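A quick note: this is a predicted structure, and the numbers were derived from the prediction, not measured. Throughout, protein chains are lettered first and strands after them, A, B, ... in sequence-line order, and every chain is numbered starting at 1.
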Amino acid sequence: MLALFAAEPPKIDSGGTAWMLMSSALVLVMVPGLALFYAGMVRRKNVLTTMMQSFVAMAVIGVQWVTVGYMLAFGQTAGGIVGWEPRLLGLWGVDWHAMYGDKGIPELAFVMFQGKFAIITPALIAGAVAERMKFSTYIVFILVWTTFVYCPLAHWVWSPDGWLFKMGVLDFAGGTVVHISAGFSALVLALMIGKRRDYLPGLATEGFVILPHNLTMTLLGAGLLWFGWFGFNAGSAVAVEFPVSGFSAALAFTTTQTCAAAAGFTWLMIEWVHNGKPTSLGLASGIVAGLVAVTPAAGHIQPWSAAILGVLASVVCFLAVRAKNRFGYDDTLDAFGVHGIGGLLGALATGIFCIYNIAGEANQGLVFGQTTQIGLQALGAATGIGMAVFGTLLIGGLLNVTMGLRCSPEEERDGQDLSVHGERGYHQDIGS
Amino acid sequence: MLALFAAEPPKIDSGGTAWMLMSSALVLVMVPGLALFYAGMVRRKNVLTTMMQSFVAMAVIGVQWVTVGYMLAFGQTAGGIVGWEPRLLGLWGVDWHAMYGDKGIPELAFVMFQGKFAIITPALIAGAVAERMKFSTYIVFILVWTTFVYCPLAHWVWSPDGWLFKMGVLDFAGGTVVHISAGFSALVLALMIGKRRDYLPGLATEGFVILPHNLTMTLLGAGLLWFGWFGFNAGSAVAVEFPVSGFSAALAFTTTQTCAAAAGFTWLMIEWVHNGKPTSLGLASGIVAGLVAVTPAAGHIQPWSAAILGVLASVVCFLAVRAKNRFGYDDTLDAFGVHGIGGLLGALATGIFCIYNIAGEANQGLVFGQTTQIGLQALGAATGIGMAVFGTLLIGGLLNVTMGLRCSPEEERDGQDLSVHGERGYHQDIGS
Amino acid sequence: MLALFAAEPPKIDSGGTAWMLMSSALVLVMVPGLALFYAGMVRRKNVLTTMMQSFVAMAVIGVQWVTVGYMLAFGQTAGGIVGWEPRLLGLWGVDWHAMYGDKGIPELAFVMFQGKFAIITPALIAGAVAERMKFSTYIVFILVWTTFVYCPLAHWVWSPDGWLFKMGVLDFAGGTVVHISAGFSALVLALMIGKRRDYLPGLATEGFVILPHNLTMTLLGAGLLWFGWFGFNAGSAVAVEFPVSGFSAALAFTTTQTCAAAAGFTWLMIEWVHNGKPTSLGLASGIVAGLVAVTPAAGHIQPWSAAILGVLASVVCFLAVRAKNRFGYDDTLDAFGVHGIGGLLGALATGIFCIYNIAGEANQGLVFGQTTQIGLQALGAATGIGMAVFGTLLIGGLLNVTMGLRCSPEEERDGQDLSVHGERGYHQDIGS
Amino acid sequence: MKLIIAIIRPERLEAVQTELRKVLDENDNYRLTVQAVEGHGAQQGEVQYFRGQAIRPRLIPKLQITLGLNDDYVTRAVDAICAGARSGSVGDGKIFVMPLEDCIRIRTGERGGKAI
Amino acid sequence: MKLIIAIIRPERLEAVQTELRKVLDENDNYRLTVQAVEGHGAQQGEVQYFRGQAIRPRLIPKLQITLGLNDDYVTRAVDAICAGARSGSVGDGKIFVMPLEDCIRIRTGERGGKAI
Amino acid sequence: MKLIIAIIRPERLEAVQTELRKVLDENDNYRLTVQAVEGHGAQQGEVQYFRGQAIRPRLIPKLQITLGLNDDYVTRAVDAICAGARSGSVGDGKIFVMPLEDCIRIRTGERGGKAI
Ligand SMILES: Nc1ncnc2c1ncn2[C@@H]1O[C@H](COP(=O)(O)OP(=O)(O)O)[C@@H](O)[C@H]1O
Ligand SMILES: Nc1ncnc2c1ncn2[C@@H]1O[C@H](COP(=O)(O)OP(=O)(O)O)[C@@H](O)[C@H]1O
Ligand SMILES: Nc1ncnc2c1ncn2[C@@H]1O[C@H](COP(=O)(O)OP(=O)(O)O)[C@@H](O)[C@H]1O
C-alpha cells in the first residue's frame with residue numbers, strides 16, 4: 001500500500017513526528033491528572049462536578065479548537081490581533097499531507113499539540129471557583145474565554161506574526177499564555193463569584209472547616225501532571241528547533257524535572273520549618289508550582305537555573321497561598337496562588353536566566369548582565385495579566401447578569417453532584 | 001559495543017520504531033484504564049473480580065499471543081482462513097533482527113503492538129457479564145475466544161492474505177476486529193448467562209437498584225482509555241504508511257481526538273435535554289462511544305467527518321443503551337450498546353466518509369457519491385457479527401455444559417471478591 | 001529561528017531522542033505507580049506517608065542526581081570505583097548541545113533517563129519499612145544510600161570504566177543495580193528496624209491482622225508500573241545499540257511483556273492450586289515479580305526464555321514471600337521477597353539464557369552450554385548483595401544512633417499521616 | 001413504644017426488608033434506619049488471603065437496624081426480622097428490644113405513638 | 001438521664017449544632033456523637049441517573065445523632081434539634097428518647113448526672 | 001439485661017477488647033458490635049494542615065461499641081472498658097448504660113438472658 005504515498009517524497013521527520021504525537025497524548029493525560037488533583041481536594045458531594053469541569057473542557061474545547069480556535073490562534077494574522085484564515089475553519093482546508101513549517105512534522109500534529117494546551121488552560125480556572133460555580137455557565141464561560149482571551153493571546157505570543165512575538169517576548173511552553181492567563185482569570189472569577197457559603201478562613205482553627213476528601217487522588221493527579229508536563233514543555237521544542245526531538249527538547253525536559261524536584265522539596269521544607277508538619281499536599285503543591293514556573297523558561301535556561309527557580313517558585317507560591325488567607329477571598333484550590341503567581345514568576349525568571357533570546361543571541365538573561373529581555377518579559381506578563389483581567393471581567397460580568405455565575409444555595413449546600421448531575425461519586429452499597 | 005550491530009546495516013527507522021513501541025505501551029495502559037472504567041460501575045463486593053477480568057487478560061492473552069496467537073492472525077495464510085506458519089510458534093523462528101515489511105520497524109515491535117489489541121478485545125466482553133460470570137470459566141472463555149474468533153477475524157481483515165482484506169474492506173484500527181467482535185459476543189454471552197439476581201430494570205424507579213460504587217474510578221478509567229487510544233488508532237498507521245509516524249498517524253490522531261470530543265459533548269447534551277441532568281457517566285460514555293466509532297475510520301476520514309461521526313456515535317449508542325432497558329436483558333456495563341453498536345456505526349461510517357480506499361483511490365466514501373466501499377464495509381461488519389455470534393454461541397454453549405458460565409447464587413449474592421478470590425477491595429481498619 | 005541551530009550540523013537521531021525522552025517520562029510515571037501499589041496495601045492511617053515515601057524520592061533524588069549523582073555514576077572514573085568529573089557537578093559543564101556517545105541523543109536525555117532509575121530504586125526500599133520508619137530519617141537515608149551505594153554500583157556495572165562492566169557482567173536495565181541493591185537493602189533495613197507493633201504473623205489465623213485498605217489502588221499501581229516498565233527496560237537499549245529505538249529496544253519490550261504475563265498467570269495458578277483462592281494481589285505480585293526478573297535480561301534473551309523466566313519468577317518469589325512468614329521478620333510489602341529475590345533470579349537467568357555477551361559473541365548462556373557468563377552474573381549479583389548489605393548496615397546503623405530509624409510508638413499507633421504530616425488521607429465530610 | 005436495635009448479616013437486608021414490609025406497611029412506607037457496623041462473636045472471621053497467607057479479621061461486617069415501634073407491632077417485627085435474617089449458621093446476629101419513652105417527628109413536631 | 005437518638009438530614013447537622021450550642025453550651029463544649037446512616041421511610045429516594053435510566057435508591061443518606069442528657073435538658077434539646085433539622089418536607093426524621101440508667105466518663109470514672 | 005453504648009478513642013479498641021475478653025469470655029467468644037462515629041465534646045479537634053493553614057475539624061473520629069449484657073456482667077464490663085479505653089486526656093469518651101427489655105438470638109430464636 002506504500003504506493004499510495006510514494007508520489008509525495010517523504011519529507012517527514014519520523015522521530016520528530018513521533019515525539020509530537022506522544023507529547024500531544026501526554027498533554028491530554030494532564031486533563032484527567034488535573035481532574036484528580038482538584039477533585040481530591042473538594043468534598044465528596046462535589047467530586048464529580050469538579051472532575052467534570054476538567055473533562056468537559058476536553059469535549060467542548062476539543063471541538064472549538066478544530067472549528068475556530070486553531071484559526072484564531074495560528075491562522076494568518078489580521079493586523080497582529082488575531083488569526084483569520086477561513087480555510088482553517090473546521091480544518092476544512094488543511095490537507096492532511098500538509099507539513100508544519102520546516103519542522104518535518106504534519107500540520108495536523110501541530111494542530112493537535114496546540115489544541116491540548118487550549119483544553120487544559122481554561123480547566124485550570126475551575127480550581128478557583130470549585131464547589132459553587134454553575135455548571136452550565138462554566139461551559140459557556142470556558143468556550144467564550146478560550147475564543148476571546150486564550151486564542152488572541154496565543155496569537156500575540158506564539159504566532160510568528162504576533163506583536164509580542166515580534167518584539168521578542170519569550171514564552172517557551174506557556175507561562176503567559178497558559179498560566180498567567182488562567183491564574184489571573186481565576187482570581188477575577190473567584191472575586192466575582194464570592195466565597196463558598198461555609199468558607200470561613202478566620203475561624204479555621206475554631207472548627208468550621210472544609211477538608212479535602214481524598215488526598216490520594218490529589219497525589220495521583222500530581223503524578224500524572226508531572227508525567228504529562230514532559231510533553232507540555234519538551235514538546236514545545238516544536239517552536240524552536242529541527243528536529244523537534246533534539247537538544248531543545250532534552251534541555252526542556254531536564255529543566256522541567258529539575259525545577260519540579262527542587263520546588264517539591266522546598267515547599268516540604270518550608271512547611272516543616274514553619275508548622276512542624278511536612279504535608280503530602282505541600283509536596284504536591286510544590287511540584288506543581290515548580291512545573292508552572294519552569295514552563296515559560298524550559299528551553300531557554302540551564303539546569304542549575306531551573307534548580308534555583310524551583311526554590312523560588314515554592315517560596316513565592318507558598319507566600320501567595322498564605323496571602324489568600326489574609327485577604328479572605330476564596331480561591332478554592334489556589335489556581336491564582338499557584339498558576340497566576342507561579343506563571344508570573346516564571347515569565348520574569350525567563351528574563352533573568354535565559355541563555356539565548358528569540359533572535360538566537362546568547363546569554364541575554366539578567367544574570368549575564370543584560371536587561372532587555374527581562375523588560376520584554378515584564379511587558380509580556382503585563383499584557384497577559386491585562387488581557388486576563390479585562391477579558392474575564394467582561395465575560396464574567398455578562399454571564400453573571402444573563403445566566404448567573406453561581407449555582408443555587410441549595411445546590412451548593414447539597415453538592416452539585418446530586419442536584420445538578422443526578423449522581424453521587426460514591427455509593428456504599430449497604431446490603432446490596 | 002556498537003560493533004555488534006554494525007554488520008547489519010541500519011535499515012531501522014528509529015522514529016517509526018519509537019512510535020510503535022510507544023503505541024504498544026499506550027494500548028497496554030488501556031487495560032488498567034478499562035479495569036477502572038468497569039470496576040467503578042459495579043458494587044464494592046465485585047470490584048476486584050471486575051478489575052481482574054481486565055488484568056488477567058494481560059496475563060493469559062499475553063502468553064497466548066506469543067505462543068500461537070500471532071501466528072494464527074499474521075502468519076502465512078492457510079487458504080485465507082487462518083495463519084499457519086509453525087516457525088512463529090512461541091516466536092521461535094522470529095529473528096530479533098527481522099524487519100516488519102517495508103515499514104522500517106523490527107518485526108517484534110509489530111508483534112507486540114498487535115498483541116495488545118488481542119489483550120484488550122476479550123477484556124471488553126467482560127463488561128456485559130460483570131458481577132456474575134464464573135471466574136475460571138471466564139479465563140477459559142477468553143483464551144478460546146481469542147484463539148478461535150479473534151485471531152481468524154484479524155487474519156481475514158488485517159493480513160494481506162485475508163479474504164476481507166483482499167476484497168478491500170477497511171478497518172483502520174479495529175472497528176470490526178475489535179469492537180464489533182467484542183460487542184456482539186458480549187451480547188450473546190449476556191443473553192446466555194442471564195440477568196443478575198437483583199437486576200430489575202422494570203422497578204428501576206421503585207427502589208430495587210444497583211448503583212456504581214465509585215464514579216471517580218470510571219472517570220479516571222475513561223481518561224486513561226482516551227490517552228491510550230491515541231496509540232491504538234494513530235499507531236495503526238503501521239498498516240498503511242512509511243514512516244509509521246507520519247501523515248496517517250497524525251490524521252488518525254486528529255480524527256480520534258475530534259470524534260471523542262464531539263461525542264462526549266453530544267451525550268452530555270442529550271442527557272441534559274432529556275433528563276435535565278447531564279451526568280459524568282454520560283460524558284464518559286460519550287467519550288468512549290466516540291473513540292469506538294472512530295476506530296475503524298481513524299486514518300481514512302477527514303477531521304470534519306470525525307466531528308459528525310462523534311455526534312452520530314452518541315445519538316446511536318445512547319439509543320442502543322436505552323433499548324437494553326426496553327428489552328430487559330442485562331448487559332451490565334453496556335459492552336454491546338457502546339462497543340457493538342458503536343463499532344458497527346464506525347465500520348459503516350468508514351464507507352460513508354472515507355477519503356481513499358485500500359487501493360489508494362481517492363474519495364471513495366458515500367459522501368463523494370461512491371457506493372462500493374460502504375457495501376464492502378457492510379460485508380465486513382456482517383462477517384464480524386456472524387463470526388462473533390456463532391463463535392460465542394458455540395464456545396459459550398460448550399463451556400456452559402462443561403464448566404458452567406455462572407458463579408453460584410451465594411457467590412453472586414456475597415460478591416465474588418470474597419467468595420472466589422478471598423479478598424475485599426476495601427477495608428475500613430476500624431481500630432487498627 | 002532555525003538559523004540558531006544551523007551552525008551545528010544536526011547529528012541528532014530524532015527517533016532515538018524521542019524514545020529516550022519518552023522512556024524517561026515512562027520511568028517517572030512508575031513512581032506514582034509504585035506509590036499506589038504500596039499505599040493500597042497499608043492501613044488508612046498511613047496511606048499518605050507511604051505515598052510520600054515514593055513522591056519525596058522524586059524531589060530529593062531529583063535534585064541529588066543533577067547535583068552529584070550523575071557525576072558519581074557516569075563521570076570519568078576515579079580508579080574504577082566511582083565517577084569523579086567536577087565539570088558534571090550541577091551539570092554545570094554539560095553543554096546542552098553535547099551528544100551522548102555515538103547514540104545520536106543529547107547527553108541531557110541520557111542524564112534524565114538515568115536519573116529516573118536513581119529515583120525509583122531507593123523508593124522501592126520503602127516497601128520493607130512502611131508503617132513505621134521515621135519520615136525525616138527516611139529522607140536522609142535515601143539521600144545517603146543513593147550517593148554511597150547506588151551511584152558507585154551503577155558506576156561499576158554500567159559505566160564503560162566500571163570494573164564489573166569491564167569483566168563482562170550483564171545487567172540490561174538494572175537487576176543488580178536496581179532490584180538486588182534495593183531488595184537486599186530492604187531486608188537489612190527491615191531487620192534493623194524491627195516489626196510493626198501489631199504484626200503477629202503467628203496469630204494470622206487467630207484474629208490479629210493487618211489488611212490492605214484499598215486493593216484497587218494496588219492494582220492500578222501495578223498497571224502503571226507495567227506501563228512505565230516498558231520505558232525502563234526498552235529504553236535501556238540506549239546502552240547497546242544505535243539507533244536507540246531499534247532491535248534491542250523491541251526485543252526488550254517483547255521479553256518484558258512476555259515475562260510479566262507468564263509470571264502473573266503463574267502466581268495466580270499457584271494460589272489457585274494452593275489455597276483455592278486466586279487473589280488479585282497475587283496476580284499483581286506475579287506481574288511485578290516477572291517485571292523485576294526480566295529487567296537484567298530484557299535485551300539479552302529470547303521471548304521464549306522470557307516466558308520460562310516468568311514462570312520461574314513467580315515460583316521463586318512466591319516461596320520467598322512465604323519464607324518471610326516462617327522466619328517472622330516484617331518486610332511490610334515484600335520489597336525483599338519480590339525485588340531482592342526476583343532481581344537475583346533475573347541476574348542469574350541472564351547467564352542462563354543470554355544470546356550474546358558484552359563483547360557481542362553469540363549464544364553465551366548456560367542453555368547453549370557456556371558457563372562463563374553465569375559465573376560473571378553470580379559475581380555481579382554477589383557484589384550487588386555485598387554492597388547493599390554492608391552499605392545499608394553502615395548507613396542504617398549510623399542513622400539509628402543519630403536520628404533514630406523508627407517513629408515513636410504513638411506515631412505508629414495513630415498512623416503517621418496525622419501525627420507526622422498533619423493530614424488524613426480520607427475525610428468523610430459528615431454533614432458538610 | 002419500643003426501640004429495636006438488630007444486628008444482621010449484610011446480605012440479609014433485602015429479605016428483612018421484604019418481611020418487614022409485610023407486617024409494618026399499612027398503605028404507608030414502614031420506616032427504618034440502617035448502618036454498617038462490624039461485629040465480634042462466636043462466628044469465625046471470614047478467611048482472606050494476603051500474599052499467600054491466610055488471615056481472619058477479628059471483626060466481621062454486619063448491618064445494624066434501628067426501628068422505633070408501637071408496642072403492638074413489636075412481636076410481629078421481631079418475627080419478621082428473624083424470618084428474613086436467619087440463615088441457621090453462627091453469625092446471624094441479635095435483636096435488642098429497649099423501652100422508648102418518647103418519639104418526635106421532626107417535620108411536624110408530633111409526639112408519641114402517632115409519630116413513630 | 002435520657003439518651004436521645006435522632007435521625008436527621010445530613011445537610012441539617014450544621015444548623016442542629018448551632019441550635020444545640022445555644023441551649024446546651026454552658027461555658028463548656030456541649031457533647032454529641034454523630035454517625036452516617038441510611039434511612040427508609042415515607043420520603044421517596046433521591047432520583048439518580050445511570051446511563052440515561054432514572055433510578056431511586058431504596059435507602060437515603062441520613063445522619064444519626066446520639067446524645068446523653070440530664071432530664072432537665074431533654075425538652076430544650078428536643079426543641080433545638082427540631083428547630084435546626086426541620087425543613088418541612090417529608091424525610092426530616094425522628095427523635096427517639098430513651099431512659100438512661102447510668103453514664104460513666106471514661107477519663108475520670110465519674111458516674112451519673114455529672115458525667116453526662 | 002442492659003445495653004451498653006460506649007464511645008471510645010479508635011486507637012483504644014484493641015485494649016478494650018483485651019480487657020473485655022478477660023471478664024466476658026467464658027470458653028466462648030464474648031460478643032460485641034463496633035462502628036465508626038464522630039464526636040464533639042470538650043476535646044479540641046486534631047490539628048490538620050491544608051496548604052499551610054492550620055485547621056481543626058469540629059468532629060473527631062471515635063468508635064462506638066454496642067454491647068448487650070446480663071445484669072451480673074455490667075459492672076465488670078464497665079470497669080473493663082474504662083481500663084482499656086482510659087488515656088487520661090480529654091476525649092476518652094463515655095459509657096451509657098440502658099435498660100434492655102428483651103434480646104433475641106436470630107439464629108435460634110432464643111430469648112432473654114441466655115440469648116445475650
Ligand atoms: N451481646 C451482644 N452485644 C452486642 N453485639 C452482639 C451481641 N451478641 C451478638 N452480637 C452481634 O451479633 C453478631 C453475631 O453474633 P455471633 O455470636 O457471631 O452469632 P450468633 O448470634 O448466631 O451466635 C456479632 O458479630 C455481633 O455483632
Ligand atoms: N420508626 C422509625 N424507626 C427508625 N427510623 C425511622 C423511623 N421513622 C423515621 N425514621 C428515620 O427517619 C427518616 C425520615 O423518615 P420519613 O418517614 O421519610 O420522613 P418523616 O419523618 O418526615 O415523615 C427515615 O429515612 C428513617 O431513617
Ligand atoms: N453526653 C454525650 N452524648 C453523646 N456523646 C458524648 C457525650 N459525652 C461525650 N460524648 C462522646 O465522647 C467523646 C469524648 O468526649 P469529651 O468531652 O471530648 O471528653 P471527656 O469525656 O474525656 O471529657 C465526644 O467526642 C463524644 O463523641
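The closest side-chain donor-acceptor pair between A:E107 and A:Y70 falls under 3.5 angstrom. Side-chain contact check for A:Q416 and A:N46: no donor-acceptor pair (N or O, by modelled atom type) lies under 3.5 Å. B:E271 and B:T279 share a donor-acceptor pair across their side chains, judged by distance under 3.5 Å alone. Between A:E241 and A:S248, the side chains place a donor N or O and an acceptor N or O closer than 3.5 Å (distance only, hydrogens not considered). A donor and an acceptor atom, one from each side chain of A:E131 and A:T50, are nowhere located under 3.5 Å apart.
Between chain B and the residues A:G228, A:A59, A:G90, A:G16, the largest count of heavy-atom pairs under 4.5 Å involves A:A59. With chain B as the partner, the residue from A:V94, A:V66, A:V60, A:V420 showing the most heavy-atom pairs under 4.5 Å is A:V420. Per-residue counts of heavy-atom pairs under 4.5 Å with chain A were compared for B:G104, B:S280, B:G223; the largest is that of B:S280. Comparing A:G15, A:P32, A:P106, A:A39 by how many heavy-atom pairs each has under 4.5 Å with chain B, the most go to A:P106. Highest contact tally toward chain B, considering only A:M51, A:M112, A:M20, is held by A:M112 [criterion: heavy-atom pairs under 4.5 Å].
Contacts between residues 212-221 of chain B and chain A, defined by a heavy-atom separation under 4.5 Å, are made by B:P212, B:H213, B:N214, B:L215, B:T216, B:L219, B:L220. Of all residues in residues 135-143 of chain A, those placing a non-hydrogen atom less than 4.5 angstrom from a non-hydrogen atom of chain B are A:F135, A:S136, A:I139.
Of the atoms belonging to A:S245, not a single heavy atom falls under 4.5 Å from chain B. Of the two parts of B:P278, the backbone and the side chain both hold a non-hydrogen atom closer than 4.5 Å to a non-hydrogen atom of chain A. With a threshold of 4.5 angstrom between heavy atoms, A:A109 approaches chain B through its backbone and through its side chain. Heavy-atom distances place both the backbone and the side chain of B:A262 under 4.5 Å from chain A. In this structure, chain B has no heavy atom under 4.5 Å from any part of A:I61. For B:W229, no part lies under 4.5 angstrom from a heavy atom of chain A. Interface remark: B:I355 contributes side-chain atoms only to the contact with chain A (heavy atom separation under 4.5 Å). Neither the backbone nor the side chain of B:A260 comes within less than 4.5 Å of any heavy atom in chain A. With a threshold of 4.5 angstrom between heavy atoms, B:F253 approaches chain A through its backbone and through its side chain. Using a 4.5 Å cut-off between heavy atoms, A:L21 touches chain B through backbone and side chain atoms alike. With a 4.5 Å cut-off on non-hydrogen atoms, A:L418 touches chain B through its backbone but not through its side chain.
Put simply, the side chain of B:T255 gets close to the backbone of B:A252: a donor and an acceptor are under 3.5 Å apart. With hydrogens and angles ignored, the 3.5 Å screen pairs no side-chain donor or acceptor of B:D13 with any backbone N or O of B:I105. Side-chain atoms of B:D417 never come within 3.5 Å of backbone atoms of B:R424 as a donor-acceptor pair (strictly under, hydrogens ignored).
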- Message: Assess the residue pair A:W96 and B:Q302 against the criterion (side-chain contact (heavy atoms from CB on, under 4.5 Å)); give the C-alpha distance rounded to whole Å, side-chain angles, the decisive distance to 0.1 Å, and a yes or no.
- Response: CA-CA 8 Å; A:W96 63 288; B:Q302 283 175 310; 5.6 Å; no
- Chi angles and distances behind the side chain to side chain donor-acceptor pair (under 3.5 Å) call for A:T147, A:Q64: CA-CA 8 Å; A:T147 307; A:Q64 187 267 6; 3.0 Å; yes
- Query: Between A:F232 and A:F117, does a ring-ring contact (aromatic ring centres under 6.0 Å, His included) hold up when you go through it step by step?
  - Reply: CA-CA 8 Å; A:F232 203 90; A:F117 282 63; 4.1 Å; yes
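Atom CG of B:N233 is separated from atom CG of B:L291 by 7.5 Å, given to the nearest 0.5 angstrom. For the atom pair CE of A:M22 and CG of A:L26, the computed distance is 4.0 Å after rounding to the nearest 0.5 Å. Atom CH2 of residue A:W65 and atom CD of residue B:Q257 lie 11.5 Å apart, to the nearest 0.5 angstrom.
Note on ring orientation: taking the six-membered ring where Trp is involved, the planes of B:F353 and B:W304 are perpendicular (angle over 60°, cut-offs 30° and 60°).
Taking each heavy atom of B:G286 and B:A263 in turn, the nearest pair found is O-CB, 3.2 Å. Closest of all the heavy-atom pairs between A:G415 and A:S419 is O-OG, 2.8 Å.
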